Structures are given as structure tokens and as C-alpha cells.
*Asks:* 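Encoded as C-alpha cells, here's the structure I'll be asking about.
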Amino acid sequence: MKIVEARVIVTCPGRNLITLKIVTDSGVYGIGDATLNGREMAVVAYLEEHVLPALIGRDAQRIEDIWQYLYRGAYWRRGPVTMTAIAAVDVALWDIKAKAANMPLYQLLGGKSRERVMVYGHATGKDIEGCLAEVARHVELGYKAVRVQCGIPGIATTYGVAKRSGERYEPADSDLPAEHVWDTAKYLNYVPKLFAAVRERFGDDLHILHDVHHRLTPIEAGRLGKAVEPFNLFWLEDCTPAENQEAFRLIRQHTTTPLAVGEVFNSIHDCRELIQEQLIDYIRATLVHAGGITHVRRIADFAALYQVRTGFHGATDLSPVTMGAALHFDTWVPNFGIQEHMPHDPLTDEVFPHAYRFEDGHFTPGETPGHGVDIDEELAAKYPYKRASLPVNRLEDGTLWHW
Ligand SMILES: O=C(O)C(=O)C[C@H](O)[C@H](O)CO
Ligand SMILES: [Mg+2]
């Protein structure tokens with residue numbers, strides 16, 4: 001089954017999304033997501049200039065060999081641009097293999113380990129009351145797990161909080177990076193009150209999650225984890241930047257709050273100590289940014305040895321193609337924890353028809369052969385790329401901080 005065509009489709013149906021389409025001489029084609037939020041065109045250039053010409057004529061069935069060819073063959077290994085480009089190829093090839101086998105992808109991976117995939121939704125509010133109203137809406141919709149984020153008094157903008165209540169949160173919201181302001185002391189004083197209010201209003205059964213988005217130092221993260229133990233969080237995410245994996249030893253010494261890390265990781269080497277030393281509980285590295293199914297399967301298998309479970313990134317900058325492929329992976333992977341879910345804009349869903357379905361706080365990937373997600377190219381062409389940047393963060397004195 002030879003690859004005869006490989007091309008990149010750039011579209012912006014509400015937000016920028018990059019898709020790779022690989023066509024074989026048998027007529028079977030596959031698609032992969034290549035979206036790297038705020039750096040989209042770097043991956044487009046990498047694919048078009050360096051990867052796609054080398055794919056033409058190769059056997060689409062040789063997924064592992066193509067993965068190794070693109071990884072080792074680049075010489076410049078790893079990094080988000082390289083690993084996102086490899087992921088797009090890999091997911092498209094798994095899509096082709098499963099379609100050719102006439103199987104939904106989860107069957108090819110090893111079959112179902114569960115009937116359905118629990119997801120968490122995002123409740124965001126300008127203040128605690130606003131967030132509680134959003135939690136109530138999610139509970140009404142059937143969610144069993146909700147990530148809670150709210151505005152912090154005295155800080156003009158806070159990560160994860162939509163501009164207007166009830167609106168979708170999209171951080172890449174301006175041509176050039178918007179400048180946000182951060183104050184750790186105000187955040188640490190306030191955020192435990194949010195968890196207390198959620199527990200009081202919704203009881204003990206609802207799973208609650210929170211994303212610190214890399215803003216604390218290790219000792220501050222330890223202090224927060226310890227302070228919020230009574231509220232029994234499902235996880236505390238990205239409590240400190242994780243380039244320094246050792247930092248998590250300090251946090252672990254201070255708290256039993258479960259920790260999730262890894263949405264910015266692109267390789268098993270980014271999380272090797274975190275997993276091996278059992279410094280985290282959930283690994284968030286996912287298909288699109290970490291080399292596709294071929295590589296993330298290695299991360300998940302390695303994590304399973306240490307009872308670390310998956311909790312894949314699933315923000316709206318990960319296209320429906322990643323969502324579909326991730327749901328097949330989640331259905332198979334033995335050490336599944338939870339899957340993030342942020343609904344896409346209805347227009348995005350129209351451009352990417354898909355087989356996955358939400359019901360009662362869970363998703364099922366569908367039975368369509370492949371990963372079950374397609375692209376309507378005619379519709380996609382109506383929405384051209386529009387540059388959009390993620391914000392930057394500064395402390396009140398102007399020091400550049402982690403966003
Ligand atoms: O969904 C999350 O947990 C995020 O942290 C979302 C990120 O800010 C987003 O994917 C950045 O592109
Ligand atoms: Mg996050």
C-alpha cells in the first residue's frame with residue numbers, strides 16, 4: 001500500500017487547526033492532527049519542506065519504520081515542532097491501517113479495556129459564584145468530573161477564565177501575545193476557597209480537578225497541595241514548570257494531593273524520572289504533541305509499571321482528529337485515568353465530522369473503521385488561517401513569568 005499523496009490542510013473554523021492527509025494507491029486515506037497552538041505554521045513548514053516529500057512511495061503499512069525514519073533520520077531529535085509533525089504522520093498511518101483492516105482503531109490497538117471513557121469538562125467563572133453556576137451546568141449535562149478555575153480578586157486576568165461567563169475559553173485570542181499579570185500570593189490565598197465551595201455545594205462524589213498552569217515554585221506547589229487535601233482533588237495539574245523533573249521530589253514530600261503533568265511534553269525522556277520515581281499520578285502527554293500513537297503507547301506502557309495513569313490533554317487547540325484518536329487509545333489503554341474534554345466550536349465539529357459520542361459524562365469512540373474522524377475539505381477551505389498567539393504573563397513589577 002504505497003503513499004501517493006500527502007498534504008497539509010490549514011483551516012480556521014473558529015480557531016486554527018492543521019491537518020495532514022495521507023492518500024495511498026489503494027484509495028484508502030488517513031488524517032492526522034498537526035496543530036501546535038500559536039506556532040502552527042512552523043509545523044506546516046516542517047511537514048511540507050522536510051517530511052512529506054520523503055513519504056511519497058513508502059509503504060503506508062510500515063508505521064514503526066516510518067516513525068523511526070522520521071525520528072532518527074531528522075538527527076535533531078525531539079522538540080514540539082518535530083514531534084507534532086511526526087505525530088500527524090503516525091496518526092494518519094494508524095487511521096489508514098485500521099481502515100484497511102476494516103476495524104475501529106481501538107480493536108487494532110488490542111481491543112476494549114473499558115466500555116466508555118470518563119472525561120472532565122471545564123467550569124470557569126469570573127468569581128466563585130460564577131464558577132459554581134458553571135459546575136452546576138456541567139453536572140446537569142452529566143459530567144462526573146469537572147475542572148474548576150475562577151478569577152482571583154485583584155488580578156485582572158486569570159488562566160482558564162473565559163472573557164464573558166458561559167463563553168468558551170480560548171487563550172490564543174490575539175494577533176500578538178496579550179500581556180497578563182500574575183500574583184502568586186493573591187492566588188494562594190484565594191483558590192482553596194473555590195474548592196471548599198465546590199465540595200460544599202456538590203458533595204463528595206463529584207471529581208474536581210484544577211490547573212495551576214505552571215505558575216508556582218516547588219515549595220509553593222507543596223504548600224497548595226497540602227492546603228487543599230481536605231477537598232480531595234482528583235488532581236492538581238502543572239503546579240510548577242516541569243523541565244526540572246527533580247522539583248517534584250520536593251512537592252511530593254509535602255502533599256498527598258494527586259499530581260498531573262505533561263501536556264507540554266513531547267517525549268518519554270521529558271517524564272522518565274517523574275514516572276520512574278513515582279513523582280506524579282497522571283501523565284498528560286498526548287498523541288498530537290508527543291509523536292503519535294507509536295510513541296505515546298511507549299509512555300503509557302512505561303507509566304503502567306509505576307501505577308501512573310493517563311490523563312490526556314484535550315483542550316480545543318487539539319483538533320477533533322486528536323480527540324477521536326485519543327478516545328480509541330483511552331478505550332484500549334489498561335492504565336487509563338481520565339480524558340480532558342473541551343467542546344469544540346460547532347463550526348469546527350462541522351468541518352471535522354466524527355463518530356465519537358458523549359453520554360452521561362463519558363465518551364465512546366464509535367465503531368467506524370479507523371479513528372472515525374474525517375475532514376470536509378471544501379468547508380475547511382472557507383476558513384483561512386488567522387495568526388493567533390498565546391498570552392505572556394508578567395508579575396506586577398513587570399518581571400516575565402510563566403503563562
Ligand atoms: O487544557 C489544559 O489543561 C491547558 O492547560 C490548555 C493549554 O493552555 C492550551 O492547550 C495551550 O495551547
Ligand atoms: Mg493544562
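These figures come from a predicted structure and were not determined experimentally. As the structure lists them, so they are numbered: ligands from 1, and atoms in each ligand from 1.
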*Asks:* So is there a nitrogen or oxygen of Glu237 less than 3.5 Å from a nitrogen or oxygen in ligand 1?
*Replies:*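 Min N/O separation from ligand 1 is below 3.5 Å for Glu237.
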*Asks:* For ligand 1, which atoms sit closer than 4.0 Å to a heavy atom of Trp403?
*Replies:*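 Going through ligand 1 atom by atom, the ones under 4.0 Å from Trp403 are 8 (O).
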*Asks:* What atoms in ligand 1 come closer than 4.0 Å to a heavy atom of Arg147?
*Replies:*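 So the atoms of ligand 1 that pass are 1 (O), 2 (C), 3 (O).
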*Asks:* Can you check ring pair (Phe, Tyr, Trp, His ring centres under 6.0 Å) on Tyr159 and Tyr169, steps first, answer last?
*Replies:* CA-CA 9 Å; Tyr159 165 76; Tyr169 173 65; 5.5 Å; yes
*Asks:* Tell me the protein heavy atom at minimum distance from atom 8 (O) of ligand 1, and give that distance in Å.
*Replies:*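 Sorting protein heavy atoms by distance from atom 8 (O) of ligand 1 puts His213 NE2, 2.8 Å first.
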*Asks:* For atom 9 (C) of ligand 1, what's the nearest protein heavy-atom neighbour? Residue, atom name and distance, please.
*Replies:*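 Here the nearest protein heavy atom works out to Asp317 OD1, 3.4 Å.
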*Asks:* Using non-hydrogen atoms of the residue, decide whether Arg284 is closer than 4.0 angstrom to ligand 1.
*Replies:*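 Flag set, Arg284 near ligand 1.
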*Asks:* Regarding Thr184 and Trp182, is there a side-chain donor-to-acceptor distance under 3.5 Å anywhere?
*Replies:*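 Present: a donor and an acceptor within the cut-off.
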*Asks:* Taking distance alone, with N or O pairs closer than 3.5 Å, would you say His122 contacts ligand 1?
*Replies:*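 It does not: no N or O of His122 is found under 3.5 Å from an N or O of ligand 1.
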*Asks:* How far is atom 1 (O) of ligand 1 from its nearest protein heavy atom, and which residue and atom name does that atom have?
*Replies:*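 Ranking protein heavy atoms by distance from atom 1 (O) of ligand 1, first comes Glu340 OE2, 2.5 Å.
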*Asks:* Would Tyr143 and Phe358 satisfy ring pair (Phe, Tyr, Trp, His ring centres under 6.0 Å), going step by step from the backbone distance to the final call?
*Replies:* CA-CA 10 Å; Tyr143 284 91; Phe358 177 82; 4.9 Å; yes
*Asks:* By salt bridge (Lys or Arg N to Asp or Glu O under 4.0 Å), which residues pair with Glu359, not counting sequence neighbours?
*Replies:*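 Residues passing salt bridge (Lys or Arg N to Asp or Glu O under 4.0 Å) with Glu359: none at all.
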*Asks:* Which ligand 1 atoms are under 4.0 Å away from a heavy-atom of Ala315?
*Replies:*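 Ligand 1 atoms under the 4.0 Å threshold to Ala315: 1 (O), 6 (C), 10 (O).
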*Asks:* Applying salt bridge (Lys or Arg N to Asp or Glu O under 4.0 Å) as the test, list every pair that has at least one member in residues 216-239; sequence neighbours left out.
*Replies:*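 Pairs touching residues 216-239 that pass the test: Glu237-Arg284.
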*Asks:* Given that the side chain starts at C-beta and the backbone is N, CA, C, O, which of these parts of Tyr120 lies under 4.0 Å from ligand 1, counting heavy atoms, or is it both or neither?
*Replies:*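 Neither part.
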*Asks:* With sequence neighbours excluded, tell me which residues meet salt bridge (Lys or Arg N to Asp or Glu O under 4.0 Å) with Arg387.
*Replies:*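 Salt bridge (Lys or Arg N to Asp or Glu O under 4.0 Å) list for Arg387, sorted by chain: Asp175.
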*Asks:* So is Arg62 actually on top of Tyr69's ring, under 6.0 Å and inside 45° of the axis?
*Replies:*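 Ring-cation test returns no.
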*Asks:* I need the protein N, O or S atoms closer than 2.8 Å to the Mg ion (ligand 2), given as residue plus atom name.
*Replies:*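 Protein N/O/S atoms under 2.8 Å of the Mg ion (ligand 2): Asp211 OD2, Glu237 OE2, Glu263 OE1.
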*Asks:* Return the closest protein heavy atom for atom 5 (O) of ligand 1 as residue, atom name and distance.
*Replies:*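 The protein heavy atom lying closest is Glu263 OE2, 2.7 Å.
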*Asks:* Where do Tyr356 and His354 land on the ring pair (Phe, Tyr, Trp, His ring centres under 6.0 Å) test, with the steps shown first?
*Replies:* CA-CA 6 Å; Tyr356 58 80; His354 51 260; 3.9 Å; yes
*Asks:* Using distance alone, with no hydrogens and no angle criterion, decide if Arg298 and His295 have a side-chain donor and acceptor under 3.5 Å apart.
*Replies:*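 No donor-acceptor contact under 3.5 Å links the two side chains.
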*Asks:* Is the backbone N or O of Arg147 less than 3.5 Å from a side-chain atom of His122, with the two atoms forming a donor-acceptor pair by type?
*Replies:*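 Looks like no, no N/O pair under 3.5 Å.
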*Asks:* Give the numbers and elements of all ligand 1 atoms closer than 4.0 Å to a heavy atom of Asp211.
*Replies:*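 In order of numbering, the contacting atoms are 2 (C), 3 (O), 4 (C), 5 (O).
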*Asks:* In terms of relative ring orientation, are Phe329 and Phe312 parallel, tilted or perpendicular, with 30° and 60° separating the classes?
*Replies:*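 Taking Phe312 first and then Phe329, their aromatic rings sit tilted (interplane angle of 30° to 60°).
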*Asks:* How far is atom 12 (O) of ligand 1 from its nearest protein heavy atom, and which residue and atom is that?
*Replies:*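 Going atom by atom, the protein heavy atom closest to atom 12 (O) of ligand 1 ends up being Asn37 ND2, 2.9 Å.
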*Asks:* Using a 3.5 Å cut-off on N or O atoms only, is Tyr159 in polar contact with ligand 1?
*Replies:*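 In this structure, Tyr159 places an N or O atom under 3.5 Å from an N or O of ligand 1.
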*Asks:* Side-chain contact, heavy-atom cut-off 4.5 Å: Val296 with Thr286?
*Replies:*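 When only atoms from C-beta onward are counted, Thr286 and Val296 do not touch, as no gap falls below 4.5 Å.
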*Asks:* Donor-acceptor check, side chain of Lys144 to backbone of Tyr120, threshold 3.5 angstrom: yes or no?
*Replies:*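 Absent.
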